[in-house]
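One structure is given here, and the rest of the page talks about it.
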Amino acid sequence: MKRKIGLFVVAVLVGLQFVPVDRGNPPIRSDFSGPAEVKEILQRSCYDCHSNETRWPWYSRVAPVSFLVAGDVKEGREHLNFSDWGAYDGAARAKLGAEVLEVVEKREMPLPIYVLLHGEAKLTGSELTTLRGWRP
């Protein structure tokens, strides 16, 4: 019985590999424009989920993790997409900039699981200070 369950689980996992997952990067409409040091921080810590410049790691091609990664990117782009930054009006940029600062100060972003896999995304104290001084 355990063998049948094990074979079933393996068959399901193998079958999931054939379910298509959108890992596309649409064109950049209006990239982020701001201080270079702010853009560097955002590119390293935020762009994988909040831009059309996602670097899709190897594990984004292995189900079921591929579904989770693609879902996080889709949700991130819907909430804030730095590749559309210039398309937001001034009030929207100000609001989104304030939200960025709020979530990074609370250490809600980048997501802890992302930082675990991408240590370079963790923000330092001086980077937080740089973001605090940024006025979108």
Side-chain angles (χ1 to χ4, degrees):
M1 182 64 168
K2 286 183 182 180
R3 181 176 166 94
K4 286 183 181 182
I5 292 172
L7 288 172
F8 176 75
V9 169
V10 169
V12 168
L13 289 174
V14 168
L16 285 174
Q17 305 313 308
F18 297 99
V19 175
V21 175
D22 180 12
R23 285 184 297 273
N25 282 330
I28 297 168
R29 290 188 334 152
S30 182
D31 197 15
F32 175 81
S33 60
E37 61 275 7
V38 171
K39 185 171 184 173
E40 186 278 324
I41 293 167
L42 297 175
Q43 283 177 317
R44 186 174 34 78
S45 298
C46 309
Y47 267 44
D48 273 346
C49 292
H50 294 282
S51 80
N52 295 344
E53 299 179 54
T54 302
R55 296 168 296 159
W56 296 97
W58 66 268
Y59 54 82
S60 71
R61 289 166 170 64
V62 180
V65 176
S66 58
F67 304 120
L68 300 172
V69 173
D72 283 348
V73 171
K74 181 178 186 287
E75 184 178 337
R77 287 175 178 170
E78 287 172 357
H79 185 72
L80 163 63
N81 190 332
F82 288 110
S83 296
D84 292 336
W85 186 256
Y88 300 130
D89 65 31
R93 283 194 300 267
K95 181 179 182 234
L96 290 167
E99 288 178 11
V100 167
L101 184 58
E102 179 182 343
V103 296
V104 298
E105 284 189 323
K106 290 180 179 179
R107 302 288 186 185
E108 294 172 354
M109 289 285 165
L111 292 174
I113 188 71
Y114 182 80
V115 173
L116 182 67
L117 297 169
H118 303 271
E120 74 282 359
K122 185 174 183 177
L123 297 168
T124 66
S126 65
E127 290 170 333
L128 283 172
T129 300
T130 298
L131 291 176
R132 284 184 196 107
W134 168 49
R135 298 291 177 254

Distance in Å, Leu80 CG paired with Cys49 SG, rounded so as to fall on 0.5 Å steps: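 It is 11.0 Å, given to the nearest 0.5 Å.
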
Any chance you could lay out the side-chain contact (heavy atoms from CB on, under 4.5 Å) test for Glu105 and Leu101, step after step, and finish with the verdict? CA-CA 6 Å; Glu105 284 189 323; Leu101 184 58; 3.9 Å; yes

Using side-chain contact (heavy atoms from CB on, under 4.5 Å), reason through Lys39 and Tyr47 one step at a time and then give a plain yes or no. CA-CA 10 Å; Lys39 185 171 184 173; Tyr47 267 44; 3.8 Å; yes

Is it the case that atom CD in Glu40 sees more than 12 heavy atoms from other parts of the structure closer than 6.0 Å?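 Above 12, so yes.
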
Is it the case that the side chain of [X] and the backbone of [Y] share a donor-acceptor pair, with hydrogens and angles ignored and the cut-off at 3.5 Å?
{"X": "Arg93", "Y": "Pro136", "value": "no"}
{"X": "Ser45", "Y": "Leu42", "value": "no"}
{"X": "Ser83", "Y": "Ser51", "value": "no"}
{"X": "Arg135", "Y": "Arg132", "value": "yes"}
{"X": "Asn52", "Y": "Asn25", "value": "no"}
{"X": "Ser30", "Y": "Gly86", "value": "yes"}
{"X": "His50", "Y": "Phe82", "value": "no"}

So Thr124 and Glu127, side-chain contact (heavy atoms from CB on, under 4.5 Å) or not? Walk me through it. CA-CA 5 Å; Thr124 66; Glu127 290 170 333; 3.2 Å; yes

Can Arg77 and Asp84 be counted as an ion pair, charged N to O under 4.0 angstrom?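 So Arg77 does not pair with Asp84 through a salt bridge.
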
Student check: side-chain heavy atoms of [X] and [Y] closer than 4.5 Å:
{"X": "Asp31", "Y": "Ile28", "result": "yes"}
{"X": "Glu102", "Y": "Glu108", "result": "no"}
{"X": "Val115", "Y": "Glu120", "result": "no"}
{"X": "Leu123", "Y": "Leu131", "result": "yes"}

Please report whether the ring centroid of Phe32 lies less than 6.0 Å from that of Trp134.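 Yes, close enough.
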
List the atom of [X], the atom of [Y], and the distance in Å for their closest heavy-atom pair.
{"X": "Ser60", "Y": "Ser66", "answer": "O-CB, 3.0 Å"}
{"X": "Arg44", "Y": "Arg55", "answer": "O-NH2, 4.3 Å"}
{"X": "Gly24", "Y": "Pro26", "answer": "O-CD, 3.7 Å"}
{"X": "Pro110", "Y": "Ala121", "answer": "CG-O, 3.6 Å"}

Could you walk me through whether Asp48 and Tyr114 pass the side-chain contact (heavy atoms from CB on, under 4.5 Å) test, one step at a time? CA-CA 10 Å; Asp48 273 346; Tyr114 182 80; 2.5 Å; yes

